[in-house]
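Predicted, not measured: the structure shown is a model, and the values here were computed from it.
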Amino acid sequence: MKPALFHLTLLIAAFVILHSSFVLAQGGSLTPPGAPAPTMKTLDQLEPRTPISSLPHTISASGSYYLTGNLTASPSGNGITINASNVTLDLGGFELVGNGGAGISGINVTITSANVTIRNGTVRNWSGLGVTAVNTTVIGMRVEHVRASGNSSGGIALGVDGVVVDCTAIGNVITGISGQTGCQVIRCIASNQTGSPVDGFNFGAQTQIKDCIAKSNSGDGITTGQGSVLSNCLADGNTLNGFVCGNRTVIDHCVASDNGSTGFRMLAGCSVTNSAANGNVVGLFAQTACALENFSAISNTSDGIQSGTAATLKNCSAVSNSGAFGINAGTGSTLVNCAARANISSLASSAGIVTAGACTLIGCTSAGNLTTNATPSATTAVGISTGSGCVLQGCTVQSNSGNGITTGAGANLTNCSADTNFGPFGISVGSGSTVANCSARANTSTETTSAGISTGLGCTVSGCTVTDNTSTNATLTATTGMGINVSNGSTVRDCTVRNSKGDGIRANVDCRIIGNMCETNGLSTGDGAGIHTTSTGNRIDSNHVAGTDRGIDVDSIANTIVRNTATGNTANYDIVASNSVGAIVNPANSAAIAGNGALASSLGTTDPWANFSE
C-alpha cells in the first residue's frame with residue numbers, strides 16, 4: 001500500500017471510532033428493551049362498570065352497569081330496577097325479554113332525583129312497560145338508542161325533564177313514548193301501538209319534540225301539553241288525530257297525513273308554520289288567537305282549516321278538501337294572501353273561504369270551489385263568504401259554483417274581483433256595505449234574479465267595472481243577468497256597466513245613480529235597460545247610457561232624472577208620468593270642427609238640468 005493511501009485509511013478509522021463513542025455516550029445502550037407494554041387505560045379503568053348477567057337485578061348504587069348478553073325475565077319481578085341516582089345502564093346491543101308474567105316491566109327507575117341514562121339495546125314483550133319512570137316525578141332520565149316493542153303497558157315512559165334520543169317504540173299496547181313536563185324527544189319513532197286507543201307520543205307541558213315520526217297508532221300520533229315546541233315531525237295514518245297540542249304550542253315544518261280525525265288539533269294561542277295537513281278528516285282545527293303561516297291543507301275529507309276567534313292566517317291554502325269549507329275562520333280573524341281552490345262539497349252551505357264577523361281579508365283567492373248538492377243556491381260553493389263588518393282588500397274569486405263573494409252587513413270591499421262564478425251574484429253584500437273599485441265579470445246563473453254586484457239596504461257602489469254578466473235561465477227578463485242591483489237608499493257612482501244580459505243598473509227606492517257609464521245592456525236575446533228604477537225617490541243624474549233596449553227606464557213616480565245622455569238605445573228614455581225630468585233635448589249635429597275659432601253650441605239648450613237624447 002502506498003504511504004499516502006495508508007495514512008488516509010488510518011485517519012478514517014480513527015474518526016469512526018471516536019464518533020461511535022460519542023453517540024454511545026449520548027444515547028445510552030442500544031440493546032432493545034423487549035416487547036412493548038400497553039400504555040392506554042382500559043374502559044373499566046376510565047369508567048368502572050358492573051356487569052349484569054341475570055334477572056331480576058336491582059341497582060342500588062351510583063355507577064355504570066352493562067349487560068353481558070341477552071337476558072330473559074325470571075318468573076317473578078321486574079327485569080332491572082334502578083333505585084339510585086347517577087346511574088348509566090348500557091344494554092350493549094342486547095335484549096331484555098319479558099316472560100309473560102303479569103304486571104312486570106323491563107327497566108324500572110324508582111329514584112326521584114334520577115339522573116339515569118339507559119342506552120343501546122332492546123326491551124320487548126314485557127307485560128308492564130319496556131322502560132319506565134315508576135314515579136312520574138323522576139327527574140333527568142335519559143334514554144338513547146333503545147327499541148321498545150311488544151310491551152303490554154307502553155314502550156318508554158319518562159318522568160320530568162327527561163330526554164329520549166334515537167329510540168323506537170313499535171307495537172306496544174299502551175302509549176309508545178311518553179313523559180311529563182319539560183322533556184326533550186329527538187329522532188324517535190313511535191308506530192303501531194295497538195291499544196284502544198293509545199298514542200304514539202304523549203308528553204306534558206313545555207316539551208320539545210324534533211325530527212320524530214308517529215305512524216299507524218290506534219290513538220293520536222303526537223300529544224303534548226301547553227307551551228311545547230315541535231319541529232320536523234310526521235304524524236301519519238294514526239286512527240285519531242295526527243297532532244294534539246296544548247295552549248301556546250309552536251309547530252314548524254310538520255306534516256299530518258291520512259289520520260282518521262284531525263291532522264292538527266290545537267288549543268288557544270298556538271302557532272303553526274311551514275306545515276301541511278293532507279288526507280285527514282279535518283286538516284287543522286285551532287282555537288282562539290292561533291297563528292298560521294305557510295300552512296296547506298290538501299284533500300282532507302272535511303274542512304281544510306278551522307280556526308277560532310282572533311286567528312291570523314298568512315299564506316295559507318286549502319285545496320281539494322271535501323267538507324263545507326276550505327278555510328273557516330272565527331270572528332275578528334285576519335287572513336292575508338290565503339287561497340282556497342277546488343274544494344268540493346255536497347252540503348247546502350259551503351264556501352272556499354268563510355269567516356264570521358269583523359274579519360279582515362287581504363289578497364285572498366278563492367277559485368274553482370264546487371258543489372255536488374242537488375239543489376245549488378246562493379249559499380253553495382261560494383268563493384268567499386263573510387259575516388258582518390268584514391273588510392276585503394284585493395281579493396279574487398273565480399269559477400266557483402256559487403256566488404263569488406257574499407258578505408254580511410257593514411262590509412267594506414276594495415279592489416276585489418269576481419270572475420266567471422256560477423251563483424246568482426258575483427259580489428253580494430249586506431246592508432250598509434261599501435264596494436269600491438271592484439270588478440265583476442262574466443258571472444253566469446240560472447236563477448231568476450242574478451247580477452254581477454248586488455247589495456242590501458243603504459250601500460255604496462263606486463268606481464266599479466261590471467261586464468259580461470249573463471244568465472242561462474230559460475226565461476230571460478230584466479232581472480236575469482243584471483250588472484248592478486242595489487236595494488233601497490243605496491248609491492251607485494262612477495261605475496262602468498257593459499254587456500249585461502238584463503238591466504245594467506237596477507235600483508228600487510231612494511237611490512242615487514250618478515255618473516255611470518252603461519253600454520250595450522239587455523241586448524241580443526236578453527231584456528233590460530241601461531238604468532232601471534222600479535219605485536220612488538230615486539235620483540238619476542249625469543249618467544251615459546248607450547246601445548241598450550231602453551236607455552233610462554223609470555217605472556214609478558217621484559223620481560228625479562237630470563243631466564243624462566242617452567244614445568243609440570232602442571228607446572233612449574222610458575219614463576212614466578209624475579216624475580221630475582230635466583228637459584230631454586235632441587241636439588243638432590255640428591259641422592266639422594277645425595281650428596281655434598268660436599263655435600255656437602249645437603246642444604239646443606242652456607238648461608243645466610237637461611237630459612240629452614241622440
J.: Would you give the length of the straight line joining atom CZ of R341 to atom CD1 of I353, rounded to the nearest 0.5 angstrom?
T.: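 The CZ atom of R341 sits 9.5 Å away from the CD1 atom of I353.
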J.: Quick check: closest heavy atoms across N485 and A451, and the distance to 0.1 Å?
T.: CB-CB, 4.1 Å
J.: For the residue pair F264 and F243, does the interplanar ring angle fall in the parallel (under 30°), tilted (30 to 60°) or perpendicular (over 60°) class?
T.: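 Parallel.
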J.: Where do L370 and G368 come nearest, in terms of heavy atoms and distance?
T.: CG-O, 3.4 Å
J.: Any side-chain donor paired with an acceptor under 3.5 Å for N259 and N241?
T.: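 Side-chain D/A pair, N259 to N241: absent.
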J.: Could you tell me which non-hydrogen atom of A339 sits nearest to which non-hydrogen atom of I327, and how far apart they are?
T.: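 Closest pair (atom of A339, atom of I327, distance): O-CD1, 3.8 Å.
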J.: Closest heavy-atom contact between I251 and M266?
T.: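 That closest heavy-atom pairing would be CD1-CE, 3.3 Å.
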J.: Run N437 and T465 through side chain to side chain contact (heavy atoms under 4.5 Å, CB included) and show every step you take.
T.: CA-CA 7 Å; N437 302 319; T465 300; over 6 Å; no
J.: What are the two closest non-hydrogen atoms of N108 and S105, and how far apart are they?
T.: OD1-CB, 3.0 Å
J.: Strictly below 4.0 Å, N to O, side chains only: are D211 and R187 in salt-bridge contact?
T.: no
J.: Between atom CG of L361 and atom SG of C395, what is the distance when rounded to the nearest 0.5 Å?
T.: 5.0 Å
J.: Using distance alone, with no hydrogens and no angle criterion, decide if T420 and S399 have a side-chain donor and acceptor under 3.5 Å apart.
T.: yes
J.: Stepwise, does the side chain to side chain donor-acceptor pair (under 3.5 Å) test hold for Q193 with N172?
T.: CA-CA 5 Å; Q193 319 314 320; N172 302 285; 3.2 Å; yes
J.: In Å, rounded to the nearest 0.5 Å, how long is the span from CZ of F201 to CG of N217?
T.: 8.0 Å
